[in-house]
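Report on the structure given below.
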Amino acid sequence: MKNSNVRVRFAPSPTGYLHVGGARTALYNYLFAKQHGGSFVLRVEDTDEARSTTESLVSMLDDLSWMGLKWDEGPAPKTLDEKGDFGPYRQSDRKEIYFKHINELIKDGRAYYCFLTEEELDAQREEAKKAGEPFRPNSPYRDWSVDQAKEKIDNGEKPTIRFKNDHGEKLYTFKDLVRGEVSLPASMIGDFVIARSNGMPVYNFVCAVDDALMKISHVFRAEEHLNNTLRQLMIIEALKMEAPIYAHLSIMLGGDRQKLSKRHGAASLTDFKEKGYLPQALSNFIALVGWSSPSGEEILSMEQMIKEFSTERLHSASAVFDQEKLKWMNAQYLREMNTEDFFKRSKEFFKSDWKFPESGDWREKSFSALKSSMETLDDAAPLYEMLKLGGELDLNDQAKDVISWESTSKVLQVWKGLLSKAESEYINPEQIDGLINTVKAEAEVKGKFLFMPIRVASIGKAQGTEIKDLIPLIPVSELVLRADKLIG
RNA sequence: GUUCCCUUCGUCUAGAGGCCUAGGACACGUCCCUUUCACGGAUGAGACACGGGUUCGACUCCCGUAGGGAACGCCA
């Protein structure tokens with residue numbers, strides 16, 4: 001189906017929301033796959049049965065789709081129906097496959113049943129810490145025969161299975177697409193667990209096996225997995241499988257230079273969706289945290305990113321996620337949006353009982369007048385609230401103060417009178433100055449005593465958005481209604 | 001502590017030994033536009049962590065130091 005050997009995967013663990021860091025990892029995988037005409041695989045790392053949930057999986061897949069990412073293999077959004085030739089794609093459905101390989105390792109003496117208890121392990125950890133050494137478990141069961149172990153198992157004991165790391169001081173060196181040559185000494189780890197006592201294999205094992213079995217050619221993943229690569233390399237080697245090429249991406253930080261999390265305001269895609277960010281803006285921005293276009297351009301469509309992506313331009317240092325710049329970028333995209341799209345997207349930010357003039361022309365006009373004062377869809381709500389039909393004005397303290405001025409009632413009377421005489425459905429922008437000047441003359445007030453009451457009567461606010469942009473968007477009948485309510 | 005990774009304006013980054021008096025973007029300051037705010041335009045301030053090498057020449061290469069991050073789980 002695909003005419004390329006490039007196969008990449010994004011392998012989320014469905015234990016919560018999709019983090020922007022994860023989203024960026026997914027994006028880079030996607031860009032790389034598309035650029036090379038390869039396959040983008042979605043694999044579900046749900047071996048932690050206690051924490052993995054279907055809701056989380058569904059929401060992650062939704063978020064990924066929302067971002068505009070599509071995968072060639074793996075569970076479909078919503079239905080979770082799987083497609084692809086390398087399934088199943090949920091690791092919890094692959095236990096048999098894993099145990100085939102685990103048993104192979106045990107048979108070859110590359111792995112063993114370990115009956116060390118939690119307490120014994122803790123004691124060893126404590127000792128290692130005291131000695132200033134990395135924790136390398138010392139298991140008395142390391143050289144037991146399988147028969148010996150089976151006996152204990154038959155007695156009801158539940159062992160873990162450990163990989164036997166007998167590589168001494170060997171240096172594992174591999175070429176990382178982001179970091180260049182990386183060398184990890186085998187001695188930095190000991191015999192590590194590959195299957196839990198409850199019979200479920202663990203991450204480092206399943207990840208290594210699946211990458212090989214699913215013929216993954218390139219692994220783009222977060223830097224926190226760099227150390228895990230050693231374990232995975234050992235497993236792949238012991239199983240005589242082929243290792244993918246790795247690319248360890250820098251980590252995204254919050255303003256305090258700590259790993260980005262909910263504490264920083266927003267960290268999940270859902271957060272950004274709810275704050276009114278556009279998926280194109282978010283993916284564009286995220287791509288630029290740790291990567292740059294050779295052209296130096298910053299506003300990049302998905303197509304451009306696919307064309308221009310290159311691993312050489314991936315930055316190896318961790319980077320702070322700057323929400324201010326995201327806002328700016330979102331504003332750029334918002335202004336380029338087409339009107340119908342805008343109304344479709346902003347629907348969920350408006351209250352359902354808000355009524356607006358129906359015509360498409362009104363939508364065009366209102367959006368083009370207001371879009372320059374929005375950064376996110378969320379900003380659209382208070383703006384459009386000023387335009388909703390029904391005469392209700394929600395006055396703040398400053399606006400109430402304006403209403404209490406002595407000269408205000410005169411201004412409003414005149415204003416309303418003029419409006420009532422208007423012949424068209426809407427006031428033209430060109431008419432406004434004339435109208436205001438007439439009020440000025442007839443009511444004999446000027447400056448803020450003139451402008452502010454008119455502002456308040458029109459939009460309920462003493463300050464803010466350009467009144468000349470707003471008044472032509474409000475039907476004259478509505479303006480009259482509003483003025484009327486204030487006059488009381 | 002041990003191992004690994006990282007280090008250019010406040011932030012994201014450009015920079016592959018002379019093109020660097022270090023470029024761009026966001027944010028910030030000033031000015032213009034505007035009755036206010038925003039948008040837009042112009043302009044300004046602002047960085048090679050430090051110390052040693054290598055070299056005619058180092059932001060770029062090497063070595064240290066300091067600082068930051070990650071891993072050291074029957075989490076991923």
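Everything quoted here is computed from the prediction, not taken from an experiment. Reminder, nothing fancy here: chain letters follow the sequence lines and each chain counts from 1.
Within the structure, the ring pair (Phe, Tyr, Trp, His ring centres under 6.0 Å) test picks out no pair touching residues 252-271 of chain A (sequence neighbours left out).
Residues that satisfy the salt bridge (charged side-chain N to carboxylate O under 4.0 Å, His left out) test with A/D394, not counting sequence neighbours, are absent from this structure. Scanning for ring pair (Phe, Tyr, Trp, His ring centres under 6.0 Å) contacts around A/Y89 gives an empty result, with sequence neighbours left out. With sequence neighbours left out, A/H19 forms a ring pair (Phe, Tyr, Trp, His ring centres under 6.0 Å) with no residue at all. Annotation: ring pair (Phe, Tyr, Trp, His ring centres under 6.0 Å) contacts of A/F192 (sequence neighbours excluded): A/F163. Take A/F349 and apply the side-chain contact (heavy atoms from CB on, under 4.5 Å) test, not counting sequence neighbours, and it matches A/L377, A/D378. The ring pair (Phe, Tyr, Trp, His ring centres under 6.0 Å) test applied to A/F10 returns no partner, not counting sequence neighbours.
In this structure, A/R90 pairs ionically with A/D46, as a charged nitrogen and a carboxylate oxygen lie closer than 4.0 Å.
Only A/S372, A/S373, listed by number, bring a heavy atom of residues 370-384 of chain A to less than 4.0 angstrom from any atom of RNA chain B. Annotation: proximity of residues 166-183 of chain A to RNA chain B (heavy atom, distance under 4.0 Å) is found for A/R179, A/S183, numbered in ascending order. For the contact set between residues 288-298 of chain A and RNA chain B, defined by any heavy atom under 4.0 Å, the members are A/L288, A/V289, A/G290, A/S292, A/E298.
Test A/K371, A/R363, A/E364 against A/T339 for side-chain hydrogen bond (donor to acceptor under 3.5 Å, both in side chains) and you get one pass: A/E364.
Under the 3.5 Å distance criterion, with hydrogens and angles disregarded, no donor-acceptor pair is assigned to the side chains of A/H248 and A/S316.
On the nucleic acid side, RNA chain B has its first and last nucleotide under 4.0 Å of a heavy atom of chain A at B/G1 to B/A76, going 5' to 3'.
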Distance-only donor-acceptor hits, side chain of residues 432-445 of chain A, under 3.5 Å, sequence neighbours excluded:
residue: A/N437; atom: ND2; partner: A/D433; partner atom: O; Å: 3.3
residue: A/T438; atom: OG1; partner: A/G434; partner atom: O; Å: 2.8

